[in-house]
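Note sheet for the following structure.
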Amino acid sequence: MKTFSKLLAATALTAVWSTGALAEKWDMPMAYSATNFHSATGAEFAKCVTTGTGGSIEIVTHPSGSLFKGGDIKRAIQTGQAQIGERLLSGHQNENAVFGVDSLPFLASSFEDAAKLWKAAKPTMTKLLDAQNLVLLYAVPWPPQGLYFKKEVGSVADMKGIKFRSYNSATARLAELTGMLPVQIEAAEISQAFATGVAESMISSGATGYDRKVWESLTHFYEVDSWLPRNYVMVNKDIWNGASDANKNVIKGCAELAEYAGTWRAVEYTQFTLKGLRAGGMTVGPASEKLTKELKDIGVTMTTEWLEKAGADGKAIVDAYHAMK
Ligand code: PCA
């Protein structure tokens with residue numbers, strides 16, 4: 001009898017202990033500030049997973065590059081230093097040009113086209129990330145990209161010598177081709193960079209300019225609508241494989257919801273943030289005909305260069321996208 005009750009007690013202890021051990025905490029580094037719509041979407045996704053899994057997986061978001069800086073997030077997840085996280089997809093294009101398909105000037109410059117391009121690109125991106133020990137969960141576009149300056153700019157000649165904040169190789173190449181001087185800076189640090197003169201211009205969305213209050217240093221935003229880059233959320237493959245089927249289903253469902261909600265926010269945010277830039281005192285409007293034409297020519301050069309680097313995988317995505325149009 002004694003032995004039996006000892007056994008019971010031991011079993012009970014084991015059960016309590018193992019339930020406790022099953023509750024996992026997943027750290028989710030994110031590069032952009034908590035006020036950004038991507039971070040808001042990520043926070044809701046995290047909550048959805050925590051609630052849906054009954055607390056057995058608790059996702060804790062770390063916005064503003066506070067846990068890992070943007071450039072370090074993918075590696076941190078690949079190596080298991082963080083379980084899950086968000087990053088700008090085209091931030092990896094120096095590693096493989098294919099990752100930069102969403103930053104080709106004027107290939108897909110509306111939300112509708114960006115959705116088609118993503119549909120064409122997603123299977124390849126999933127495969128590339130899988131080979132790097134990562135599982136792609138969801139991706140959300142930024143609003144269309146435009147040019148920020150601290151003076152009126154009517155042509156490429158006006159851009160010569162300007163210090164330009166870049167966020168991936170495509171933006172750095174754009175700077176070179178327009179005679180500007182690229183300096184790569186994470187969005188979380190741009191207010192400081194503009195205030196101190198380390199950078200004087202950039203290409204980005206109205207959302208990022210609004211979020212970072214760039215009217216404190218800059219004066220003009222030209223709605224070039226050059227492309228709509230994406231952020232994506234990835235999870236370490238070993239961590240993913242370790243999750244139960246039920247929890248995987250919850251995560252997939254939350255990811256689908258997040259992609260939908262995030263995209264909706266991006267659309268809604270486009271005009272709202274442009275209004276915000278105006279309210280901050282900035283001149284917001286389309287680029288001149290001359291500048292638009294010059295940028296389109298540069299776009300052709302960049303696309304030719306990209307197709308050479310991105311090889312068959314890259315061409316297949318672009319062809320599949322054109323076939324949907
Ligand atoms: N904001 C991000 C990427 C694209 C965008 O609109 C940034 O400027 O870093």
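Note that ligands are numbered from 1 as they come in the structure, with each ligand's atoms numbered from 1 the same way. Values below: every heavy atom of this structure, side chains too, minus hydrogens, waters and symmetry copies.
Near Tyr32, with a cut-off below 4.0 Å to any heavy atom, the atoms of ligand 1 are 2 (C), 3 (C), 7 (C), 9 (O).
Considering only non-hydrogen atoms, atom 7 (C) of ligand 1 lies nearest to Arg165 out of Arg165, His38, Glu186.
Looking at Ser64 and Ser66, their side chains never bring a donor and an acceptor atom within 3.5 Å of each other. With hydrogens and angles left out, the side-chain atoms of Ser90 and Asn168 include a donor and acceptor closer than 3.5 Å. For the 3.5 Å distance criterion, the side chains of Gln81 and Thr79 qualify, holding a donor opposite an acceptor.
Between Tyr167 and Trp142, the distance separating the two ring centers is not shorter than 6.0 angstrom. Aromatic pair Phe194/Tyr148: ring centres not closer than 6.0 Å.
At the top of the distance list for atom 4 (C) of ligand 1, counting protein heavy atoms only, stands Gln145 OE1, 3.5 Å. Protein heavy atom nearest atom 6 (O) of ligand 1, with residue, atom name and distance: Ser205 OG, 2.6 Å.
Under a 4.0 Å heavy-atom criterion, Pro229 is in contact with ligand 1.
Considering backbone and side-chain atoms alike, Tyr167 places every N or O at 3.5 Å or more from each N or O of ligand 1. The shortest N or O to N or O distance between Thr208 and ligand 1 is below 3.5 Å.
Proximity of Leu129 to Lys74: side-chain heavy atoms (C-beta onward) are separated by under 4.5 Å at one or more points.
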